[in-house]
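To start, the structure itself, in structure tokens.
Chain identifiers are assigned alphabetically (A, B, ...) following the order of the sequence lines, protein sequences preceding nucleic acid strands; residue numbering begins at 1 within each chain.
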2 protein chains.
Amino acid sequence: MASRYHCPVELTMDVVGGKWRPVILAHLKEGVHRYGELRRRMPEVSEKMLVQRLRELEADGLVSRHERDTNPPWVEYRLTDEGRSLAPVLQAMYDWGLERARRTGATIIDPPT
Amino acid sequence: MASRYHCPVELTMDVVGGKWRPVILAHLKEGVHRYGELRRRMPEVSEKMLVQRLRELEADGLVSRHERDTNPPWVEYRLTDEGRSLAPVLQAMYDWGLERARRTGATIIDPPT
DNA sequence: CTGTATCCGCACAGATACTG
DNA sequence: CAGTATCTGTGCGGATACAG
């Protein structure tokens with residue numbers, strides 16, 4: 001992570017850029033999710049990528065991980081305050097994506113809850 | 001570019017994702033820019049990347065290119081209506097980047113106009 | 001259920017040189 | 001001024017198998 005940028009948007013993309021990070025954040029914005037729920041909502045991402053991104057988002061202070069010591073394991077992910085501060089960005093992305101899909105005929109497949 | 005997504009944010013990232021595309025769009029959001037102006041405002045991007053991204057944004061209908069037949073050459077880039085529809089996304093990214101810089105101590109270097 | 005561990009390909013990205 | 005052309009590499013992302 002660099003610390004000198006020539007435009008605030010560069011910094012934002014450094015934190016929430018990449019294929020899956022904003023998608024994870026958008027789901028967590030809707031509430032606490034277990035690991036398996038995230039997997040079901042993002043059927044295209046590999047386990048490796050999902051875990052990797054979650055760890056990075058944790059390290060960046062946007063997401064927190066909560067492990068219940070049960071069997072079977074139960075792990076929840078949620079946004080931190082810093083993560084919630086991204087809500088306007090995520091919402092704008094979500095809204096634009098919906099409209100763009102309408103205009104271009106792309107399909108949004110409803111994810112299972 | 002895929003046409004089936006499981007979340008609108010995936011679609012948005014497919015279009016404005018990547019390191020430089022949103023930065024280009026954020027600059028053009030402020031008005032028409034010549035090629036050289038974009039270069040000065042984005043000193044870290046290579047010419048190859050800048051041109052490549054501009055061509056892609058053109059192909060996606062977000063940016064239009066206007067060439068004045070003069071010597072020396074004079075090429076302007078501007079947002080299309082579709083590109084302007086991204087304003088809320090770009091603005092939210094810009095605002096969040098500024099705040100995040102304040103919180104983390106990252107430096108935003110003012111670009112020359 | 002919630003992850004690790006490996007292997008692999010390639011698209012993205014940087015550097016440099018050159019051109020109408 | 002506004003690009004092309006070419007070479008090179010590396011890290012992102014995917015697939016698969018395995019583990020506590």
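Residue A/Trp20 places at least one side-chain N or O under 4.0 Å from the OP1 or OP2 atom of D/dG14. Side-chain N/O atoms of B/Arg40 include none lying less than 4.0 angstrom from OP1 or OP2 on D/dC1. Taking only side-chain nitrogens and oxygens, A/Arg53 comes nearer than 4.0 Å to OP1 or OP2 of D/dG13.
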Exercise for review: Before giving the answer on side-chain contact (heavy atoms from CB on, under 4.5 Å), spell out for A/Leu38 and A/Leu54 the whole-Å C-alpha distance, their side-chain angles and the decisive distance to 0.1 Å.
Suggested key: CA-CA 10 Å; A/Leu38 288 173; A/Leu54 283 168; 4.2 Å; yes
Practice item. Take B/Glu99 and B/Arg102 through the test salt bridge (charged side-chain N to carboxylate O under 4.0 Å, His left out) and record every step on the way to the result. Key: CA-CA 5 Å; B/Glu99 284 306 301; B/Arg102 215 178 37 70; 2.6 Å; yes
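Here the C1' atom of nucleotide D/dT8 and the CE atom of B/Met49 are 12 Å apart, to the nearest Å. Here D/dG3 presents its P atom at 13 Å from CH2 of B/Trp74, a figure rounded to the nearest Å. When the P atom of D/dG13 is taken as reference, atom CG of B/Asp14 falls 12 Å away, rounded to whole Å. Between the CG atom of A/Leu50 and the P atom of D/dG13 there is a distance of 13 Å, given to the nearest Å. The CG atom of B/Asn71 sits 11 Å away from the P atom of D/dA2 (whole-angstrom rounding). Atom CD of A/Glu44 is separated from atom C1' of D/dA15 by 14 Å (rounded to the nearest Å). Rounded to whole Å, the distance from NE2 on B/His66 to P on D/dG3 is 13 Å. A/Arg39 places its CZ atom 12 Å from the C1' atom of D/dA15, with the value rounded to the nearest Å.
Using a cutoff of 4.0 Å between basic side-chain nitrogens and carboxylate oxygens, A/Arg78 and A/Glu76 are scored as salt-bridged. The existence of a salt bridge linking A/Arg39 and A/Glu37 is excluded, since no basic side-chain nitrogen approaches an acidic carboxylate oxygen closer than 4.0 Å. Of the charged side-chain nitrogens involved, none lies within less than 4.0 Å of a carboxylate oxygen, so that B/Asp60 and B/Arg55 do not count as a salt-bridged pair. Taking the charged nitrogens against the carboxylate oxygens, B/Glu82 and A/Arg103 do have a contact shorter than 4.0 Å, which makes a salt bridge.
Nucleic acid contact class of A/Lys48 (heavy atoms, under 4.0 Å, all strands): base. Residue contacts shown for B/Arg65 are limited to sugar-phosphate atoms, with no base heavy atom under 4.0 Å away. Within the 4.0 angstrom heavy-atom criterion, only backbone atoms of the sugar-phosphate kind lie near A/Arg55; the bases stay farther away.
Here D/dG3 is the nucleotide among D/dC12, D/dA15, D/dG3 with the atom lying nearest to any side-chain atom of B/Tyr35. Side-chain atoms of B/Glu47 lie closest to D/dG3 of the nucleotides D/dG13, D/dC1, D/dG3.
Taking every nucleotide of DNA chain C with any atom under 4.0 Å from a non-hydrogen atom of chain A, the first and last of them, 5' to 3', are C/dC1 to C/dC7.
Take the nearest nucleotide of DNA chain D for A/Pro73 and for A/Ser46: the residue whose nucleotide is more 5' is A/Ser46.
Of all heavy-atom pairs between B/Pro43 and B/Arg40, the closest is CD-O, 3.6 Å.
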